[in-house]
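To start, the structure itself, in structure tokens.
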Amino acid sequence: MAPEVLRKRGYGTAMDWWRLGIVVSEMATGHSPFYSGSVSKMAYRAITKGEPEIPSWLDADMQDLIKKLLCKTPQKRLGVTGNIREHPFFTTIGWEDLEERRAQPQLISFRPVLEKHLMQWPEEKNALNPMVGFNYVSPSWARMSLCQLPRTLCLQTRT
């Protein structure tokens, strides 16, 4: 919840922008930007008084987007103040094409990404494989993930 909700100061559209910041942060880092343990007092304190934990390895535009969405002052939060579409993180998005459903997603096949790291695919097309049907990896995620994959990791060894 946003700080203003925890402090019982109401709910408005600023809360929705806060929540977007939480979701974006969790998608980018894999964890909450604030304390997420079982002790509610610590979570309350982290949200109302602490600063979000934003890893330095995130893209600078992503860091800035998260900081602006998680601004403690609702009236200064991105989305309430300023147009989120104009944030540098979204410069590659053609908003008009997106609204008119003309935009094409920038897809990267997952198979070549895995094959670069000695991962092998089964010969049989219907083989059970958790990656079947998964066909997108963000370029920045691919760079980050590939650095962390063990070289010996294989989905299935060819015989």
Side-chain angles (χ1 to χ4, degrees), residues 1-99 101 103-110 113-114 116-117 119 129-155:
M1 287 190 276
E4 63 270 22
V5 175
L6 290 173
R7 291 180 178 139
K8 299 183 181 178
R9 294 189 182 150
Y11 177 99
T13 57
M15 169 63 185
D16 296 329
W17 292 112
W18 172 275
R19 187 63 199 143
L20 178 62
I22 296 291
V23 170
V24 168
S25 180
E26 288 178 350
M27 289 177 69
T29 66
H31 59 80
S32 172
F34 296 100
Y35 177 81
S36 59
S38 60
V39 182
S40 61
K41 283 184 181 182
M42 291 178 75
Y44 175 89
R45 188 174 306 123
I47 292 169
T48 58
K49 297 181 181 179
E51 292 301 316
E53 292 179 21
I54 303 172
S56 60
W57 50 261
L58 279 179
D59 177 77
D61 289 337
M62 173 67 85
Q63 289 181 37
D64 186 63
L65 176 67
I66 293 169
K67 285 177 189 174
K68 288 181 176 176
L69 288 170
L70 297 179
C71 176
K72 302 269 189 229
T73 308
Q75 298 80 10
K76 294 181 180 179
R77 201 169 290 151
L78 182 60
V80 175
T81 300
N83 186 343
I84 193 168
R85 292 178 178 198
E86 295 171 1
H87 189 276
F89 181 78
F90 297 112
T91 56
T92 60
I93 295 179
W95 291 103
E96 192 173 302
D97 287 341
L98 187 64
E99 289 172 352
R101 298 182 183 206
Q104 294 297 315
Q106 297 176 356
L107 297 178
I108 294 176
S109 173
F110 197 60
V113 171
L114 292 176
K116 284 183 181 178
H117 282 72
M119 299 180 111
N129 187 324
M131 296 299 177
V132 169
F134 187 80
N135 63 356
Y136 176 78
V137 175
S138 165
S140 60
W141 282 96
R143 284 191 303 273
M144 182 181 68
S145 298
L146 294 179
C147 295
Q148 299 170 1
L149 287 176
R151 291 188 152 273
T152 57
L153 187 62
C154 293
L155 292 177

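Only this structure's heavy atoms are used, side chains among them; waters, hydrogens and symmetry mates stay out.
Atom OG1 of residue Thr13 and atom CZ of residue Arg77 lie 9.5 Å apart, to the nearest 0.5 angstrom. Note that the CG atom of Leu6 and the CZ atom of Arg45 stand 12.5 Å from one another [nearest 0.5 Å]. Rounded to the nearest 0.5 Å, atoms CG (Leu65) and CD1 (Ile84) are 5.5 Å apart.
Considering all non-hydrogen atoms of both residues, Asp59 and Asp61 come closest at OD2-N, 3.0 Å. When every heavy atom of Glu51 is checked against every heavy atom of Phe34, the shortest pair comes out as C-CE2, 3.8 Å. The shortest heavy-atom contact between Phe90 and Arg85 is CB-O, 4.0 Å.
More than 12 heavy-atom neighbours from other residues, nucleotides or ligands sit within 6.0 angstrom of CZ on Arg7. The environment of Glu99 atom CD is dense: over 12 non-hydrogen atoms of other residues, nucleotides or ligands sit within 6.0 angstrom.
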Identify all side-chain donor-acceptor contacts of residues 66-73 below 3.5 Å with residues at least two apart in sequence or on another chain.
residue: Lys68; atom: NZ; partner: Asp64; partner atom: OD2; Å: 3.2
residue: Lys72; atom: NZ; partner: Ile47; partner atom: O; Å: 2.4
residue: Lys72; atom: NZ; partner: Gly50; partner atom: O; Å: 2.6

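Annotation: side chain of Arg19 is in contact with side chain of Val23 (closest heavy-atom distance under 4.5 Å). Gln104 is not listed as a side-chain neighbour of Asp97, based on a closest heavy-atom distance of 4.5 Å or more.
Under a 3.5 Å cut-off, the side chain of Gln63 and the backbone N or O of Leu58 do form a donor-acceptor pair. Side chain of Thr81 to backbone of Gln75: a donor-acceptor contact under 3.5 angstrom is found.
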